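In what follows, chains are A, B, ... by sequence order, proteins preceding strands, each numbered from 1. Computed from a predicted structure; not experimentally measured.
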Amino acid sequence: MPELPEVETIVRSLRAYILGRKIFSIKVFLPKIIRSAGKETPDKLAAKHEELVGKTLINISRLGKNIILQFSGGWYARVHLKMTGQLLVNLPEDPIKKHTHVIFSLDGGKLDLRYRDIRQFGYIQILTEQELADWVEGDFIGPDPLEISFPCFLARLRSRKGKLKAVLLNQAFLGGLGNIYVDETLFQAGIHPESSSLHLSDEEISSLYQKMQSVLLAAIQYKGSSIRDYVESSGERGQYQNLHQVYGRAGLPCLKCGTRIEKIRVAGRGTYLCPLCQKVAR
DNA sequence: AAAGATGTTGCAAC
DNA sequence: GGTTGCAACATCTT
């Protein structure tokens, strides 16, 4: 589900609602959602989330599509929402929706942070500072698309080969792009997703860089794209889906030239493009 | 009504 | 290494 704009929106809303709150209790309904940091025995892992009880949430940040919650006492939680994960802030009396797998009770029981995930692909990892550092080092996430400089972007792209869409989806290349925003960026830049990353001109890479940032910033302004399950932590839907130029528009006219938008498969993912506006650089 | 699709990513195989 | 297919799982669409 969520890509950079959705995760960023969730992080911002979590900051507004639960920064500074203290963990009162934790209920785990589906244990596999709490994933091992590597070396715990199963029984130790099962009890690990109890370490957070009594700790205060002192920072909330994003690393690529990962949400990092920092607690007092040197504890962290890393949340990956994968396709259908949600982090929702609720009142305790709010009905517990189906597929709610973990509830963090906050503020002496006055507020809930709930993890909900229809397909159960997402997970929560409870980490010490050292374990977080080990993860950052080992499971390398590339620079943030909104923070990387153009020279660095250019150099990194020039060092990769393969289909451009596959490169952009690779979280070790840049952290945060996913299927929707790659398609939207490539349309805006007028570049075909199957273009070879080696055969792009400096001008094309410059356009790619600028459109990537403008698309992501606009999507954040609109609080992300709600196609199916994504909502921010208050339960509100994003609105950027209404501004999609190609994603989900197969068979509809291109908004630039009127040609029918095509859907093909690239890098194993459904891919939308305008065959006239987006040319292949081989 | 079965088959194919879905915003992710890790793994195995070639 | 890059690429492909599959796996994790529930639900919706064709």
Task: Watson-Crick or G-U pairs under 3.5 Å in DNA chain B, rendered as dot-bracket with [ ] for crossing pairs and | for another strand - done: .|||||.|||||||

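Looking at heavy-atom distances under 4.0 Å, A:Gly122 makes no contact with the nucleic acid at all. Contact annotation for A:Tyr247: backbone-only contact, meaning every heavy-atom pair under 4.0 Å involves sugar-phosphate atoms and none involves a base. A:Asp117 comes within 4.0 angstrom of nothing in the nucleic acid, heavy atoms only. Residue contacts for A:Gly268: at a heavy-atom cut-off of 4.0 Å it reaches no nucleic acid atom on any strand shown. Using a 4.0 Å heavy-atom cutoff across all strands shown, A:Ser225 reaches at least one base atom of the nucleic acid. Within the 4.0 angstrom heavy-atom criterion, only backbone atoms of the sugar-phosphate kind lie near A:Arg265; the bases stay farther away. Within 4.0 Å (heavy atoms only), A:Glu6 reaches no atom of the nucleic acid at all. Here A:Ile118 lies in heavy-atom contact (under 4.0 Å) with sugar-phosphate atoms only.
Considering only the side chain of A:Ile180, B:dG7 comes nearest among C:dA10, B:dG7, C:dT11. The listed nucleotides are B:dG7, B:dT8, B:dT6; the one nearest the side chain of A:Lys65 is B:dT8. The side chain of A:Arg228 lies closest to B:dT6, out of C:dA8, B:dT6, C:dT11. Comparing C:dT4, B:dG7, B:dT9 against the side chain of A:His80 picks out B:dT9 as the nearest.
Separating the CD atom of A:Gln125 from the P atom of B:dT9 is a distance of 14 Å, rounded to the nearest angstrom.
Residue whose closest nucleotide on DNA chain C sits further toward the 5' end, between A:Lys82 and A:His99: A:Lys82. For A:Met83 and A:Gly162, each mapped to the nucleotide of DNA chain C holding its nearest heavy atom, the one lying further toward the 5' end belongs to A:Gly162.
For B:dG7, the base is not stacked against the aromatic ring of A:Tyr230, per a cut-off of 5.5 Å between centres and 30° between planes.
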Task: Verdict with supporting geometry, A:Asp144 and A:Arg62, salt bridge (Lys or Arg N to Asp or Glu O under 4.0 Å) - done: CA-CA 10 Å; A:Asp144 195 277; A:Arg62 174 180 66 74; 2.8 Å; yes

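Within the cation-pi definition used here (under 6.0 Å to the ring centroid, within 45° of the axis), A:Lys263 does not qualify as a partner of A:Tyr247.
Nucleotides C:dA7 and B:dA3 place their P atoms 15 Å apart, quoted to the nearest Å.
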